[in-house]
Amino acid sequence: MTEESIESTLPADLTAVQDALIDWYESDHRSYPWRETTDPYAILVSEVMSQQTQLDRVVSAWEDFLDEWPTVESLAAAQRGDVVSFWTAHSLGYNNRAKYLHEAAKQVRDDYDGEFPETPTELQDLMGVGPYTANAVASFAFNTGDAVVDTNVKRVLYRAFSVPDDDSVFKTAANTLLADGRSRVWNNAIMELGGVACGKTPRCEEAGCPWRQWCDAYESGDFTAPDVPTQPIFAGSRRQFRGRVIRTLAEYEQLTLDELGPRIRVDYGGKFGREWLYELVSDLESDGLVDITNENRSTELESVHVCLKRN
DNA sequence: GTCCCGGCAG
DNA sequence: CTGCCGGGAC
């Protein structure tokens, strides 16, 4: 779809659409502590935490994290294992993101002289920071971001203005709609709309959706949303056992495979014995989350020790 | 079972 | 472009 046809998809009076949403957001919205700061470090922490975790669960973890590592310098100086332990202890999932956050802090210290980059392009150089997070941090910390495009934004644009389900088109449409020079309030507002008024089950009236007069879905009654890939079953998955390994290692200095195994699965042994566990922890080592040592230089898996990555 | 403010590695 | 990555709440 060309840019001209995107503009014809959007309402003619963009200013009215923008003002309506911004007014709606500013008059009332959910209160989150990271919306009260412009510290890019604190905002990055909140964005990484909320990539796949519900906001209500992020609040206390975010507060504890900043209590532990108040500044980007303090996080950069931390041991990776401590950051990963924190992540697991707070049930934040995806331990790789703890590693990314720690690495990003070190990048700010080493590559940016301790000063956070302020443009989306530079922010994307940071580990774990992709297009969404770069624009979110740039917007909320510096008000210099482009439009964020997450599943909320896609759903809203798809329903309200019949923007086709195509990432590059979503991006163009979102940026066309972005209120110039107001990315901070705008990106907050459009995601708030997707979270509060235009979720999977729409709540147009209850939330007082400000876009009802322009909304295609509201007019047609068809609230179909773009397909979101369904996640594979978690119970019994590889991910679950990885998580258990990290959670267990957070409690001990180091463990042998046979000490670790029974704490990971009750049926440790046989088909799911040392070889199985060694393969699992080897991947965790490749991910930079654990260290594997074999002090006797033995070829036997019996003498293998595992611990959280020190640094 | 489904949802939740993505990003990385191959 | 595809597969992978945790876990709690409902």
Side-chain angles (χ1 to χ4, degrees), chain A residues 25 29-30 32-35 43-62 84-101 103-104 120 123-140 145 147-157 166-168 170-171 174 183-184 186-202 225-250 264 279-280 283-290:
Chain A
Y25 177 77
H29 58 77
R30 294 172 297 178
Y32 292 112
W34 47 85
R35 286 177 168 171
I43 289 167
L44 176 63
V45 173
S46 79
E47 289 301 330
V48 172
M49 285 184 175
S50 56
Q51 278 172 9
Q52 293 284 330
T53 302
Q54 290 89 336
L55 300 189
D56 291 334
R57 285 175 48 210
V58 167
V59 174
S60 67
W62 183 79
V84 172
S85 289
F86 176 98
W87 210 258
T88 291
H90 287 73
S91 299
L92 288 166
Y94 301 108
N95 296 299
N96 275 323
R97 299 202 305 240
K99 179 189 70 178
Y100 295 152
L101 202 46
E103 289 303 306
L123 284 163
Q124 279 199 65
D125 291 339
L126 301 180
M127 203 70 60
V129 177
Y132 166 78
T133 308
N135 285 123
V137 173
S139 297
F140 304 148
V148 297
V149 180
D150 69 347
T151 56
N152 284 310
V153 173
K154 290 181 189 176
R155 188 172 56 250
V156 167
L157 297 180
D166 179 302
D167 284 350
S168 75
F170 279 130
K171 180 181 174 185
S183 67
R184 176 180 289 139
W186 178 259
N187 282 325
N188 264 141
I190 194 167
M191 286 195 287
E192 182 78 356
L193 188 68
V196 171
C198 201
K200 184 179 179 64
T201 58
D227 287 324
V228 285
T230 63
Q231 290 200 333
I233 309 297
F234 178 63
S237 69
R238 179 180 185 78
R239 283 184 301 161
Q240 182 175 40
F241 292 117
R242 284 170 53 103
R244 286 184 185 169
V245 168
I246 298 299
R247 183 166 294 210
T248 303
L249 290 179
I264 302 309
E279 197 263 342
L280 193 68
D283 274 2
L284 287 167
E285 183 187 39
S286 300
D287 284 348
L289 295 172
V290 307

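For the numbers below, each heavy atom of this structure counts, side chains included, while hydrogens, waters and symmetry mates do not. Per chain, numbering begins at 1; letters A, B, ... match sequence-line order.
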Participant: Report the residue (A:Gly130 or A:Arg57) whose heavy-atom-nearest nucleotide on DNA chain B is the more 5′ of the two.
Facilitator: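 It is A:Arg57 whose nearest nucleotide is closer to the 5' end.
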Participant: Which comes earlier along DNA chain B counting from the 5' end, the contact point of A:Ser50 or that of A:Met127, where each point is its nearest nucleotide?
Facilitator: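 Final value for this comparison: A:Ser50.
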Participant: Expressed in angstrom and rounded to an integer, what is the separation of A:Asp56 atom CG from B:dC3 atom C1'?
Facilitator: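 So the CG-C1' distance, A:Asp56 to B:dC3, works out to 13 Å.
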Participant: Give the minimum heavy-atom separation between A:His90 and A:Ala61, together with the two atoms involved.
Facilitator: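 Result for this residue pair: CD2-CA, 3.9 Å.
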Participant: C:dG6, OP1 or OP2 - any side-chain N/O from A:Arg242 closer than 4.0 Å?
Facilitator: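 For C:dG6, OP1/OP2 do have a side-chain N/O of A:Arg242 under 4.0 Å.
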Participant: Can you tell me the distance, in whole Å, between the CD atom of A:Gln54 and the C1' atom of B:dG6?
Facilitator: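 Computing the A:Gln54:CD to B:dG6:C1' distance gives 14 Å.
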Participant: With both distances under 3.5 Å as the test, what is the Watson-Crick or G-U wobble partner of C:dC5?
Facilitator: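 Looking at the geometry, C:dC5 pairs with B:dG6.
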Participant: Work out which heavy atom in A:Tyr94 is nearest to a heavy atom in A:Trp87; give both atom names and the distance.
Facilitator: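 Closest heavy-atom pair between A:Tyr94 and A:Trp87: O-NE1, 3.4 Å.
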Participant: Taking OP1 and OP2 of B:dG7, is either one under 4.0 Å from a side-chain nitrogen or oxygen of A:Thr133?
Facilitator: yes
Participant: Hey, is A:Asp283 close enough to A:Arg238 for a salt bridge, meaning N to O under 4.0 Å?
Facilitator: yes
Participant: Provide the distance between the two P atoms, one in C:dG8 and one in B:dG7, to the nearest whole Å.
Facilitator: 23 Å
Participant: Does A:Asn96 make a side-chain N or O approach to OP1 or OP2 of C:dC5 shorter than 4.0 Å?
Facilitator: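 It does not, given that no N or O in the side chain of A:Asn96 lies less than 4.0 Å from OP1 or OP2 of C:dC5.
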Participant: Hey, is the side chain of A:Tyr132 pairing donor to acceptor with the base of B:dG6 inside 3.5 Å?
Facilitator: no
Participant: Which nucleotide wins on minimum distance to the side chain of A:Gln52, given the candidates C:dC5, B:dC4, C:dG7?
Facilitator: B:dC4
Participant: State which of C:dG7, B:dC3, B:dC5 makes the closest approach to the side chain of A:Asp150.
Facilitator: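 Taking heavy atoms from C-beta onward, the closest nucleotide is B:dC5.
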Participant: Closer than 4.0 Å, any side-chain N/O of A:Arg97 to the OP1 or OP2 of C:dC5?
Facilitator: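 Checking A:Arg97 against C:dC5: no side-chain N or O falls below 4.0 Å of OP1 or OP2.
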Participant: With a 3.5 Å cut-off and no angle check, do the side chains of A:Gln51 and A:Tyr132 form a donor-acceptor pair?
Facilitator: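 Result is no, nothing qualifies.
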Participant: If only side-chain N and O atoms of A:Arg238 are considered, is one of them under 4.0 Å from the OP1 or OP2 phosphate oxygen of C:dG3?
Facilitator: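 So the side-chain polar atoms of A:Arg238 never come under 4.0 Å of the phosphate oxygens OP1 or OP2 of C:dG3.
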